[in-house]
Number of protein chains: 2
Amino acid sequence: MAGHAHNAPQLTKNQALVLGTLESAGAPLSAYTILDHLRGEGLRAPLQVYRALDKLVAIGMVHRLESLNAFVACRHPGCGHHETVAFMICEACSNVGEITDASLEDRLKLAAEDAGFAPKRSIIELRGTCRDCQS
Amino acid sequence: MAGHAHNAPQLTKNQALVLGTLESAGAPLSAYTILDHLRGEGLRAPLQVYRALDKLVAIGMVHRLESLNAFVACRHPGCGHHETVAFMICEACSNVGEITDASLEDRLKLAAEDAGFAPKRSIIELRGTCRDCQS
DNA sequence: TGCCAGACGTTATACCGTTACGCAACGAAC
DNA sequence: GTTCGTTGCGTAACGGTATAACGTCTGGCA
Ligand SMILES: [Zn+2]
Ligand SMILES: [Zn+2]
Ligand SMILES: [Zn+2]
Ligand SMILES: [Zn+2]
């Protein structure tokens with residue numbers, strides 16, 4: 001359960017178990033996979049996992065990958081409050097990287113506002129091949 | 001079944017039914033919702049809808065919205081081959097707009113390559129409020 | 001003490017998507 | 001014309017993802 005200290009508000013037992021599972025996996029896991037990893041710790045129902053995930057996502061320690069229906073522990077360099085993050089998902093090794101790029105964010109916001117759209121949340125997920133997997 | 005003519009390769013009956021449903025809805029629909037709309041036309045199983053959707057997505061007449069697990073008929077102005085599209089999803093009225101912005105695409109590609117990542121596919125979905133729904 | 005908010009546990013259910021099988025239609029190759 | 005590969009179709013069964021609706025238990029606080 002190593003980790004970067006987001007200003008984390010005392011995790012509960014289930015939240016800590018779920019976070020630990022994600023961190024030691026180092027890759028995205030589905031809620032049901034997490035559940036399977038934690039049956040030995042007494043968890044039995046999906047909802048126990050989903051509730052913990054909801055909280056962890058809310059405080060920014062875990063991200064949800066929409067295109068994968070899966071969750072990953074935050075690896076953001078510095079782990080600040082990232083408003084907009086772009087995820088790089090390697091299809092070969094499942095590793096997930098995070099980009100925060102202000103000019104990209106600006107560009108996106110501008111393009112949306114040109115169309116009269118007021119964005120609240122941005123989902124950016126790149127599928128491809130990470131540095132290590134390019135042969 | 002009005003529509004823009006992508007260079008469409010003669011849709012089959014099921015494909016035309018599914019596309020027609022999406023176009024007349026004018027908003028994203030889940031595969032099961034499409035199926036419910038088409039029971040009267042003889043469709044009975046999810047697979048019939050998913051197969052049609054697969055094809056329609058492949059030829060670019062329908063887009064899949066990953067963050068919604070839903071599908072929408074293409075409304076892209078000009079409907080060309082869009083490599084990278086950003087979707088603007090209104091959370092108030094469910095309307096979906098499409099942006100194609102070369103400089104945004106470049107910026108994203110550059111940021112990824114800085115990180116040693118070779119992207120194959122980009123998923124960009126903005127959640128927010130469209131022009132008509134801002135009061 | 002009484003109350004409330006938040007986390008918890010359990011059951012059941014809804015929603016999303018695929019596997020596996022077999023059949024029918026079409027066109028190219030022989 | 002027969003063979004064969006490809007593509008679409010239909011059905012059944014299944015597996016993966018997420019939530020609803022209960023009730024319980026705790027800790028904080030008036
Ligand atoms: Zn992060
Ligand atoms: Zn990789
Ligand atoms: Zn489009
Ligand atoms: Zn709207």
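Letters A, B, ... mirror the listed sequences (proteins, then strands); counts begin at 1.
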### Message
Measuring from atom CG of B:L68 to atom OG of B:S94, what distance do you get when rounded to the nearest 0.5 angstrom?
### Response
7.5 Å
#### Entry: Between OG on residue B:S67 and CD1 on residue A:I123, distance to nearest 0.5 Å
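One finds 4.0 Å between OG of B:S67 and CD1 of A:I123.
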### Query
Where is the tightest heavy-atom contact between B:G128 and A:F117, given as atom of each residue plus distance?
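Looking at all heavy atoms of both residues, the shortest contact is N-CZ, 3.4 Å.
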### Task
Look at the side-chain N and O atoms of A:T12 and state whether any lies under 4.0 Å from the OP1 or OP2 oxygen of C:dG6.
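Indeed not, no polar side-chain atom of A:T12 lies that close.
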### Message
Give the residues of residues 40-56 of chain A touching DNA chain C, defined as any heavy atom closer than 4.0 Å, sorted by residue number.
### Response
A:R44, A:A45, A:L47, A:Q48, A:R51, A:K55
### Message
Under 4.0 Å, heavy atom to any atom of DNA chain C: which of residues 24-35 of chain A qualify?
### Response
none
For [X] and [N], give me the distance from atom [atom1] to atom [atom2], rounded to whole Å.
X     : N      : atom1 : atom2 : result
B:N69 : D:dT17 : CG    : P     : 11 Å
B:K13 : C:dA24 : NZ    : P     : 17 Å
A:D36 : D:dT17 : CG    : P     : 10 Å
A:N14 : C:dT10 : CG    : P     : 11 Å
B:L68 : D:dT17 : CG    : P     : 18 Å

### Query
Can you tell if the side chain of B:D101 reaches within under 4.5 Å of the side chain of A:L110, non-hydrogen atoms only?
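Side-chain contact under 4.5 Å: no.
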### Query
Do side-chain atoms of A:E23 reach the backbone of A:A73 as a donor and acceptor pair under 3.5 angstrom?
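No; judged by distance alone, with no hydrogens or angles, the pair does not exist.
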#### Entry: Pairing of B:E66 and B:R121 as salt bridge, 4.0 angstrom limit
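Between B:R121 and B:E66 there is a salt bridge, with a charged N closer than 4.0 Å to a carboxylate O.
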### A:T84: partners by side-chain contact (heavy atoms from CB on, under 4.5 Å), with sequence neighbours left out
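Partners of A:T84 under the side-chain contact (heavy atoms from CB on, under 4.5 Å) test: A:E105, A:S122, A:I124.
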### Query
Looking at A:N69, A:L56, A:D54, which one forms a side-chain contact (heavy atoms from CB on, under 4.5 Å) with A:R64?
A:N69
